[in-house]
Amino acid sequence: MKPTTTAVVLLCASGAALAQVAQDPIGIGPVPELLHLYYDEWPTGIAVSASGRMFSNYPLGLDPTNTQYQVAELNSNNTETPYPNAAYNSPPGGAIDYTKYPPQSKGLANYLIGVQSVVVDPIDRLWILDTGRALLPNGTLTTSNYGGPKLVGVNLSNNTIFRTILFPPNVSYADSYPNDVRFDLRPSITASGQGVAYLTDSSSEGRNGIIIVDLGTGESWRHLENIPQVRPEPGFFVSVWGEPVYSNPGNGMPISRLAFGADGITLSNDGETLYFSVVSGRHLYGVPTARLRDRSASSELFAQASVMDLGQKGVSDGLESDSNGIVYGGSVETDSIIIFNPQNGTVSTYVRDPRIEWTDTFSVAGNYLYFTENQLWRGASQQGGVDRRVKPYALFRVPLLNNATKIELV
Ligand SMILES: *[C@@H]1O[C@H](CO)[C@@H](O)[C@H](O)[C@H]1NC(C)=O
Ligand SMILES: *[C@@H]1O[C@H](CO)[C@@H](O)[C@H](O)[C@H]1NC(C)=O
Ligand SMILES: *[C@@H]1O[C@H](CO)[C@@H](O)[C@H](O)[C@H]1NC(C)=O
Ligand SMILES: *[C@@H]1O[C@H](CO)[C@@H](O)[C@H](O)[C@H]1NC(C)=O
Ligand SMILES: *[C@@H]1O[C@H](CO)[C@@H](O)[C@H](O)[C@H]1NC(C)=O
Ligand SMILES: *[C@@H]1O[C@H](CO)[C@@H](O)[C@H](O)[C@H]1NC(C)=O
Ligand SMILES: *[C@@H]1O[C@H](CO)[C@@H](O)[C@H](O)[C@H]1NC(C)=O
């Protein structure tokens, strides 16, 4: 290094430093509009209703300090109000049963335990996805019990729960982590006619896959069980804002590669293709939704055989899509939001901004794409047990490409 340093000093002394050298312009596309600052709990998801009401979730399964509420409505003054009410967000005595050894998450069907996602469906109902799992203060994720893992429908007109679908332990395993969900409400796709929900299971220590729910019968099942495309990619490495990211919870636990499986999930504008991707990987995958709804004896064989590798897109967490079929994803290494265009199979940068880091989750409402930036990589589980996050966390929006809108599968 020494000779180079000397050379630079000599060049500077000779005046070469005044010359123009090509540099990264950083800014690309629409400038993100800052909508909300999170000063209280740590958010992952965002859901925006047709009228513009905004909701976030704050998973106790990823942050042991998210104890006051799991879901909240965002107020215009950068505060949040527990939703649909405070009581539903407060399991009596907390979410963890310390009388068991090791401690376990409580199986309470009438309370929220650890919510990883909130989504507004095509007819403007809010769905809450509860993993049923809570993190201990020492960084250990407790296993779930029946009643914890669930999908809860809330009527936004009167803020009342209209449906609770519990996942049995043979669908959401005790060490599953149901992460994100998308809805197709077309009556034609099931016998019960109430539509289907598709979920990712991103478990870091258990099996990964896709969970399918018949919203009419409440039945659920799994497909793409632990195949390589839903698993963390071997040898995965990622950095954000120049900082390397590993799983590193401290407390004497080993450093390992970040191991988040199938996480991002979104539907094509005709509902016929489900897109998904793992966090610990770079590929975008597609699978025909008919193969996932099929429960016949050979359905898993055909589902696995029908997965399409749509190529690399960068490292992203959540995914979203619009009425033109454009798929949006984060790109945490390039401070960007990328788009996949299904017309020509290409990936390109849609937005690039120095405020973009860990784009956790997207939501589409009106003609806008909403997204959270939550500094996930700076959390204690990645930083040797030391919380390096800096409040506030942020919610932004940008216009959708070509003034598109939400996909209406009804
Ligand atoms: C912020 O707005 C909420 C909802 O309108 C209100 O209840 C709360 O008092 C406000 N907080 C402050 C600090 O203004
Ligand atoms: C974390 O705490 C739980 C409950 O006290 C304990 O069972 C577990 O061994 C602890 N883990 C570590 C790594 O210290
Ligand atoms: C939501 O509540 C309103 C007001 O009670 C009612 O008119 C509407 O039908 C409800 N929607 C659903 C999906 O239950
Ligand atoms: C909300 O609407 C639903 C569906 O119409 C109804 O069953 C429920 O009683 C309503 N709840 C309140 C608190 O008005
Ligand atoms: C889960 O177990 C229940 C009860 O044994 C059974 O009825 C159901 O079919 C099982 N579901 C799956 C997806 O295996
Ligand atoms: C793919 O199609 C889109 C929309 O027509 C276009 O903007 C983009 O330039 C195309 N990409 C390539 C690499 O041709
Ligand atoms: C975008 O579309 C909306 C309707 O979805 C329309 O009201 C608005 O004028 C459009 N904006 C532009 C710039 O075309």
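Remark: Asp175 engages no residue in a salt bridge (charged side-chain N to carboxylate O under 4.0 Å, His left out) (not counting sequence neighbours). Under the salt bridge (charged side-chain N to carboxylate O under 4.0 Å, His left out) criterion, Lys313 pairs with no residue, sequence neighbours left out. In this view, Ser336 and Ser331, Thr334, Thr349, Arg352 satisfy the side-chain contact (heavy atoms from CB on, under 4.5 Å) rule, not counting sequence neighbours. Partners of Ser51 according to the side-chain contact (heavy atoms from CB on, under 4.5 Å) rule, which considers only residues two or more places apart in sequence or in another chain, are Ser49, Arg53. Residues passing the ring-ring contact (aromatic ring centres under 6.0 Å, His included) test with Trp127 are Phe162, Phe183, sequence neighbours excluded. Scanning for salt bridge (charged side-chain N to carboxylate O under 4.0 Å, His left out) contacts around Asp180 gives Arg182, with sequence neighbours left out. When the side-chain contact (heavy atoms from CB on, under 4.5 Å) test is applied to Arg388, the partners found at least two apart in sequence or on another chain are Glu243, Arg378, Gln383, Val386. Contacts of Pro249 classified as side-chain contact (heavy atoms from CB on, under 4.5 Å), with partners at least two apart in sequence or in another chain: Ser247, Met253.
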### Task
Kindly determine whether Tyr58 and Asp63 satisfy side chain to side chain donor-acceptor pair (under 3.5 Å), including the steps that lead there.
CA-CA 8 Å; Tyr58 312 80; Asp63 184 339; over 6 Å; no
### Query
Stepwise, does the side-chain contact (heavy atoms from CB on, under 4.5 Å) test hold for Val279 with Phe236?
CA-CA 10 Å; Val279 169; Phe236 176 72; 5.7 Å; no
### Task
Report the C-alpha separation of Phe340 and Tyr275 in whole Å, then their side-chain angles, then the decisive distance to 0.1 Å, and conclude whether the side-chain contact (heavy atoms from CB on, under 4.5 Å) test is met.
CA-CA 11 Å; Phe340 169 77; Tyr275 298 102; 4.1 Å; yes
### Message
Show, in sequence, the C-alpha distance, side-chain angles and deciding distance for Thr79 and Asp40, and conclude whether the side chain to side chain donor-acceptor pair (under 3.5 Å) test is met.
### Response
CA-CA 8 Å; Thr79 66; Asp40 193 20; over 6 Å; no
### Message
Run Leu319 and Ser277 through side-chain contact (heavy atoms from CB on, under 4.5 Å) and show every step you take.
### Response
CA-CA 8 Å; Leu319 299 174; Ser277 56; 3.7 Å; yes
### Task
Report the C-alpha distance between Thr44 and Thr361 in whole Å, list the side-chain angles of each, state the deciding distance to 0.1 Å, and finish with yes or no for side chain to side chain donor-acceptor pair (under 3.5 Å).
CA-CA 6 Å; Thr44 58; Thr361 305; 5.0 Å; no
### Query
Going through the checks in order, is the side-chain contact (heavy atoms from CB on, under 4.5 Å) test met by Asn341 and Ile326?
CA-CA 5 Å; Asn341 186 330; Ile326 296 292; 4.0 Å; yes
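Here the straight-line distance linking atom OG1 of Thr131 with atom CG of Asp201 works out to 10.0 Å at 0.5 Å rounding. Atom OG of residue Ser348 and atom CD1 of residue Ile337 lie 12.5 Å apart, to the nearest 0.5 angstrom. Atoms CG and OH, on Asn374 and Tyr38 in that order, are 9.0 Å from each other to the nearest 0.5 Å. Distance check: Asp360 CG to Thr372 OG1 gives 4.5 Å after rounding to the nearest 0.5 Å. A distance of 9.0 Å separates CZ of Phe55 from CD1 of Ile46, quoted to the nearest 0.5 Å.
A donor-acceptor contact shorter than 3.5 Å links the side chain of Asn269 to the backbone of Ser323. Using modelled atom types, one side-chain atom of Asn367 and one backbone atom of Asn403 make a donor-acceptor pair closer than 3.5 Å.
Remark: Asp130 engages Lys150 in a salt bridge, criterion side-chain N to carboxylate O under 4.0 Å.
Closest approach of Leu126 to Ala47, counting heavy atoms only: CD1-CB, 3.8 Å. Residues Val115 and Gln70 come closest through the heavy atom pair N-OE1, 2.8 Å.
Contact annotation: the side chain of Ile165 never approaches that of Ser220 to less than 4.5 Å [non-hydrogen atoms, C-beta and beyond]. Between Ile407 and Pro122 there is no side-chain heavy-atom pair separated by less than 4.5 Å.
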Which pairs would a plain distance check flag for residues 80-87, meaning a side-chain donor or acceptor within less than 3.5 Å of a matching protein atom at least two apart in sequence or in another chain?
{"from": "Glu80", "atom 1": "OE1", "to": "Tyr69", "atom 2": "OH", "distance (Å)": "3.3"}
{"from": "Glu80", "atom 1": "OE2", "to": "His36", "atom 2": "NE2", "distance (Å)": "2.7"}
{"from": "Thr81", "atom 1": "OG1", "to": "Asn75", "atom 2": "OD1", "distance (Å)": "3.4"}
{"from": "Thr81", "atom 1": "OG1", "to": "Asn75", "atom 2": "ND2", "distance (Å)": "3.0"}
{"from": "Tyr83", "atom 1": "OH", "to": "Asn159", "atom 2": "OD1", "distance (Å)": "2.6"}
{"from": "Asn85", "atom 1": "OD1", "to": "Ala87", "atom 2": "N", "distance (Å)": "3.2"}
{"from": "Asn85", "atom 1": "OD1", "to": "Tyr88", "atom 2": "N", "distance (Å)": "2.7"}

Which side-chain N or O atoms in residues 282-291 pair as donor and acceptor under 3.5 Å with protein atoms at least two apart or in another chain?
{"from": "Arg282", "atom 1": "NH2", "to": "Phe237", "atom 2": "O", "distance (Å)": "3.1"}
{"from": "Arg282", "atom 1": "NH2", "to": "Glu333", "atom 2": "OE1", "distance (Å)": "2.9"}
{"from": "Arg282", "atom 1": "NH2", "to": "Glu333", "atom 2": "OE2", "distance (Å)": "2.9"}
{"from": "His283", "atom 1": "ND1", "to": "Asp309", "atom 2": "OD1", "distance (Å)": "2.9"}
{"from": "His283", "atom 1": "ND1", "to": "Asp309", "atom 2": "OD2", "distance (Å)": "3.0"}
{"from": "Thr289", "atom 1": "OG1", "to": "Gly271", "atom 2": "O", "distance (Å)": "2.8"}
{"from": "Thr289", "atom 1": "OG1", "to": "Glu272", "atom 2": "O", "distance (Å)": "3.4"}
{"from": "Thr289", "atom 1": "OG1", "to": "Arg293", "atom 2": "NH1", "distance (Å)": "3.0"}

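Among pairs with a residue in residues 396-410, those fulfilling salt bridge (charged side-chain N to carboxylate O under 4.0 Å, His left out) read Glu33-Arg397, at least two apart in sequence or across chains. Listed by first and then second residue, the side-chain hydrogen bond (donor to acceptor under 3.5 Å, both in side chains) pairs involving residues 248-262 amount to none (not counting sequence neighbours).
Residue His223 forms a side chain to side chain contact (heavy atoms under 4.5 Å, CB included) with just one option from Leu274, Val230, Ile211, Leu292, and that option is Leu292.
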